Amino acid sequence: METIIQIKNLGKKYDIRHQKGRYVTLRDVLVNIFKNPFRFARQKAKEAIGISGKEEFWALKNINLEIKKGEVIGIIGGNGAGKSTLLKILSRITPPTIGEIRINGTVSSLLEVGTGFHPELTGRENIFLNGAILGMTREEMAKKFDAIVEFAGIEKFLDTQVKHYSSGMYVRLAFSVAAHLEPDILIVDEVLAVGDAEFQKKCLGKMDEITKKEGRTILFVSHNMASIQSLCNRCLLLDAGKIIKDDTTIKTIDFYLHGFSKNKKEVVLAEKKEIPAQVLKIKTENEKGELISEIQLGEDVILSIEYSVNKKIDGFNVGTLIFKDDIPVFYSLDSDEEERLLTEAKDAGFYISRIKMPTSLLKEGEYDIQVVFGGVEEHYNQNAFIRTSIINTSDNLTNKSYRSDRRGIIYKKIKWETKKI
Amino acid sequence: MTNLTIIRPNKTFSLKDFKEIWKYKELLYFFTWRDFKVRYKQTAIGASWAIFQPFVTMIVFSLFFGTLAKIPSDNTPYPIFIYVGLLFWQFFSNSLSDTSNSLIANQSIITKVYFPRLILPMSAVITKFADFIIATFILVGLMIYYGYLPNINGLFIIPFLLFITFMISVGGGLILASINVKYRDVRYVLPFFIQILLFVTPVIYPASIAGKYSWLLAFNPMTGVIQTARASLLGTTPINWTLLGLSSAVCVVILVIGVVYFKKTEKYFADII
């Protein structure tokens, strides 16, 4: 089989400076220059010779990959592993910092359903607009128009403005346009997470049909292991911007679920003085104070965060989020729960904060806990994650009914009352 | 296969970019079509707005500047004098403000799909060009009413004037749009900037009013465009070829700077928008 995509030594670097919460305004820049002309000059000089103080973050590093025509490749990995960045570079939305990619064919990317849909336009108009944005020619669209409408099942609402559509109809129409693309390579991000289960199945079926019949190459990012397993024959696992496993789908998924993420009872982050506040270490403990990486169903995890504050920050607060498959489960659990803490300043120094996470409310499975810092003006997102598994090894049979493969995330013991009437 | 794409860190500006825009001409058409369609949706009088705006401005300006302030108008009726100016001016200023906003307005598409980004500013100007065409009908009406016949040479020069206006708007718009991606100040500065620009362009007054300093106005490329339009449509003055040449030169400079700067910053739009 011929090679259709070849990636050599690919890397993508972001400056954390760019990722602060608000927009840089020209005024900020000018004020900064006039207030501290010497510091500005020094900063520029440092940047020029490459020892600048800003923090670099490699979202991807040393990626080498060869993809053959007709392969369907799944890409999995935790939060911030670099999956989306890889897809964005492949679809030419953002350029790599180093390295090279050779693509031998046409590419369509589907990073979101309904890109460019305009609420004021009708379904018919949006089919043409969206098709053009995704790279279809007018001829192609005219030819496939009926098939698209039929697949989406919206014949009756074709001339209704999309803003009056239900969200289900909207997604069906959007996906239907995308499903009728005919590129050599199709790049798909987690787009199937929307839409009802039945339609998801239909979409997966359609994708399966496309690849099997027409020999199309597909790159597919998903958190849904079942859909990866049913579609892909090869699977990549990304972690911290690197490919750490490239194997058959079954082997990679097995490695991801069982081998790789465990045994991290604490995460230590490299020290960088330049950012105002910084996570140094995250630990997970049980109620007895022992370091753990997994906890029994129904128990709370105690999160202990060591961090440094490098300059005085107004309204400093520590925030935590619990994710399940990239979806935050709880409203963020922040340290500014009291009103006076909203504006209280924190002096420079080293701190340790502890919080009991309400994991006793969650069912079995893998959870990612993220730590972020906020101030009055901005927040500092450092990509600080730790993973905890909730397991159930007790003999308690009541708990056994809360199997992890069932739907739902929240777990709470309940009591039934039944009597004959 | 001929479809080889190579993705590398430093993509510089080349002839290939023009070929690519040609390849994506349908998308250009669809963006223009969308903007035009969406703009007058849910309005009572629809595309008549394109006429309404310059028409009402003309009446108000004629009343205050023409009748009350008695600003000279090169011996032509003030309403038709100012309407020619307004027609080109509004095409230019509306294009400029829409272009500078075009990237931000489409940020959800920019961060999700690849296409030559140059298409967005271009389609913004084309949409405004459609408005220009609609508003031209009023001009035809005014010319019949006041009994003006354009000279034949004049008619040939109008497309060239439109071309210059188009290119200045694209060029200037590209610069502003690229800055706007990084510094949102642009959208606050621009309306104010355009207002100032109106007064240093001979729209409501003839260039001759500036006397011996009128050469200063000539560096504003819209001066040449508007003066020439009046000369050819109304025969106010003979066509000043030096002035027109200067306008074209400034237009080329703005366009080149715009395209080069845009291409230089283009690759990071998706990262910082």
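Worth saying up front: this structure is predicted, and the values here are computed from it rather than measured. So you know, we letter chains A, B, ... as the sequences are listed, proteins then strands, and number each from 1.
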Assert top hit (heavy-atom pairs under 4.5 Å, partner chain B, pool A:Ile5, A:Asn126, A:Ile133, A:Leu90) equals A:Ile133
Max heavy-atom pairs within cutoff under 4.5 Å with chain B, candidates A:Met136, A:Lys12, A:Glu100, A:Lys88, goes to A:Glu100
Given side chains that start at C-beta, do those of B:Ile6 and A:Ile101 come closer than 4.5 Å, heavy atoms only? no
Taking the side chain as every heavy atom from C-beta outward, state whether A:Thr94 and B:Phe269 have any atom pair closer than 4.5 Å. no
What part of A:Thr137 lies closer than 4.5 angstrom to a heavy atom of chain B: side chain, backbone, both or neither? both
Between A:Ile187 and chain B, which part of the residue has a heavy atom less than 4.5 Å away: side chain, backbone, both or neither? neither
Hey, is [atom1] on [X] packed in by over 12 heavy atoms from elsewhere, all under 6.0 Å?
X        : atom1 : result
A:Lys143 : NZ    : no
A:Phe145 : CZ    : yes
B:Phe55  : CZ    : no

Looking at [X] and [Y], what are the two nearest heavy atoms and their distance?
X        : Y        : value
B:Tyr114 : A:Ser91  : CB-O, 3.0 Å
B:Val113 : A:Thr115 : CG2-CG2, 3.7 Å
B:Trp33  : A:Leu129 : CZ3-CB, 4.4 Å

What residues, two or more places apart in sequence or in another chain, satisfy salt bridge (charged side-chain N to carboxylate O under 4.0 Å, His left out) together with A:Glu125? B:Lys37, B:Lys41
Can you see whether B:Tyr29 has A:Arg138 sitting over its ring - NZ or CZ less than 6.0 Å from the centre and within 45° of the normal? yes
Once you round to the nearest 0.5 Å, how far does CE of A:Met141 lie from CD of B:Glu26? 6.0 Å
When rounded to the nearest 0.5 Å, the distance separating CD1 of A:Ile93 from CD1 of B:Ile109 is 11.5 Å
Thinking salt bridges, do B:Glu20 and A:Arg92 make one under a 4.0 Å N-O criterion? yes
